[in-house]
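Below is one structure, written out as structure tokens; the observations come after it.
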Amino acid sequence: MPVELRKRKAPAPVPEPPAKKQSKVSKVAAKVKDTVKGKAAKPANANGASKPTKPVVGGTIALDGFGGEVETNDGDKTTLKALVDESKSGVVIFTYPKASTPGCTNQACLFRDSYEPLTKGGLAIYGLSTDSPKANTAFKTKQNLPYPLLCDPSATLIDAIGLKKAPKGTTRGVFAIDKDGKVLLAEPGGPAATVDAVKKLVAESEGAVAKEEPAAEKAAEEPAEEANATNGEAAEEKIEGAAE
């Protein structure tokens with residue numbers, strides 16, 4: 001009679017040790033690590049370059065390469081640095097969304113009507129938009145504007161001065177900078193507000209000059225007074241010597 005072989009039962013699997021509970025410190029460290037990884041993987045913008053810092057009034061900007069290249073309504077290529085170099089004391093740029101629209105026409109004409117008092121101290125005025133040279137030339141001619149209009153279709157300069165509207169567009173505003181690259185104005189505003197901001201800037205500048213002139217005159221008068229006093233004393237000594 002054949003012997004019946006019994007199947008041997010397989011040993012029960014060894015249970016896995018319970019997962020080690022993660023400490024609070026480990027959780028925080030892992031979270032920080034993931035955050036740093038995410039930041040490193042995300043580029044600042046499409047071309048990998050960092051976004052320009054928005055200009056701050058009272059701060060100074062490096063003009064070389066600032067805002068890229070723009071075009072005048074006459075078709076001449078230029079940069080903010082070139083405009084500042086050509087000016088006597090600095091540049092004022094007002095931005096507008098679209099040439100020949102009611103609000104932009106009002107703004108441009110307000111700058112036109114105040115052109116002489118605003119520029120008598122050496123500031124150069126420019127309008128700036130994303131319009132084409134053709135559109136801006138028609139706008140300038142129709143409204144008889146005495147200043148050039150800058151065309152910035154890529155909005156590189158508009159963005160650099162902090163007046164680009166996301167995702168695409170231009171915020172109405174005004175920007176001013178002196179010969180040393182010091183930011184004098186950088187603010188959004190309506191047609192009248194942008195002109196008033198420049199008027200205030202010019203008035204403050206004139207007031208500062210008016211204060212400096214008497215101080216300079218006084219400083220020039222002091223040596224003359226001292227010289228007269230010295231000469232007077234010498235004359236008196238001479239007379240006294242002769243009397244003796």
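Positions are given from 1, in the same order as the sequence printed here. All values reported here derive from a predicted model rather than from experimental measurement. The basis for the numbers below is simple: all heavy atoms, side chains too, and nothing from hydrogens, waters or symmetry mates.
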* **side-chain contact (heavy atoms from CB on, under 4.5 Å) evaluation trace for Thr95 with Val174** => CA-CA 6 Å; Thr95 55; Val174 65; over 6 Å; no

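- The hydrophobic cluster analysis finds Val56 isolated: no Ile, Leu, Val, Met, Phe, Trp or Tyr side chain comes under 4.5 Å of it, directly or through other members.
- Scanning for salt bridge (Lys or Arg N to Asp or Glu O under 4.0 Å) contacts around Lys77 gives Glu71, with sequence neighbours left out.
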* **Verdict with reasoning, Lys81 to Asp85, per salt bridge (charged side-chain N to carboxylate O under 4.0 Å, His left out)** => CA-CA 6 Å; Lys81 184 180 186 305; Asp85 288 344; 3.0 Å; yes

* Asked: Would Phe139 and Tyr96 count as a ring-ring contact (aromatic ring centres under 6.0 Å, His included) if you check the C-alpha gap in whole Å, the side-chain angles of each, and the deciding distance to 0.1 Å?
  -> CA-CA 12 Å; Phe139 185 34; Tyr96 54 96; 5.8 Å; yes

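- To the nearest 0.5 Å, atoms CG (Leu150) and OG1 (Thr79) are separated by 10.5 Å.
- Counting only distance, with no hydrogens or angles, the side chain of Lys182 and the backbone of Ile177 share no donor-acceptor pair below 3.5 Å.
- Under the rule for a salt bridge (Lys or Arg N to Asp or Glu O under 4.0 Å), the partners of Lys120 that lie at least two apart in sequence or sit in another chain are Glu206.
- Relative orientation of the Phe111 and Tyr147 rings is perpendicular, given thresholds of 30° and 60° on the angle between their planes.
- Under the 4.5 Å side-chain criterion, counting only non-hydrogen atoms from C-beta, Val202 is in contact with Leu123.
- Counting all heavy atoms, side chain and backbone alike, Ser87 lies closest to Ala124 at CB-CB, 4.1 Å.
- By the 6.0 Å contact criterion, NZ on Lys179 is enclosed, its count of non-hydrogen atoms from other residues, nucleotides or ligands being greater than 12.
- Considering only heavy atoms from C-beta on, Leu80 comes within 4.5 Å of Ile93 through its side chain.
- Leu163 and Leu83 end up in the same hydrophobic cluster when Ile, Leu, Val, Met, Phe, Trp and Tyr side chains are linked at under 4.5 Å.
- Put simply, the side chain of Asp152 gets close to the backbone of Ile158: a donor and an acceptor are under 3.5 Å apart.
- For the pair Arg172/Cys104, a side-chain contact is recorded, criterion being any heavy-atom separation below 4.5 Å from C-beta on.
- Two residues are said to be in side-chain contact when any heavy atoms from C-beta on lie closer than 4.5 Å; Lys199 and Ser114 meet this criterion.
- Proximity of Asp74 to Pro133: side-chain heavy atoms (C-beta onward) are nowhere separated by under 4.5 Å.
- Of the candidates Ile161, Val92, Leu184, Ile161 is the only one forming a side chain to side chain contact (heavy atoms under 4.5 Å, CB included) with Phe175.
- In this structure the side chain of Asp180 never reaches within 4.5 angstrom of the side chain of Thr60, judged on heavy atoms.
- Side-chain contact between Ser129 and Asn136 is present, with heavy atoms from C-beta onward closer than 4.5 Å.
- Side chains of Thr137 and Lys140 form no contact here, defined as non-hydrogen atoms less than 4.5 Å apart.
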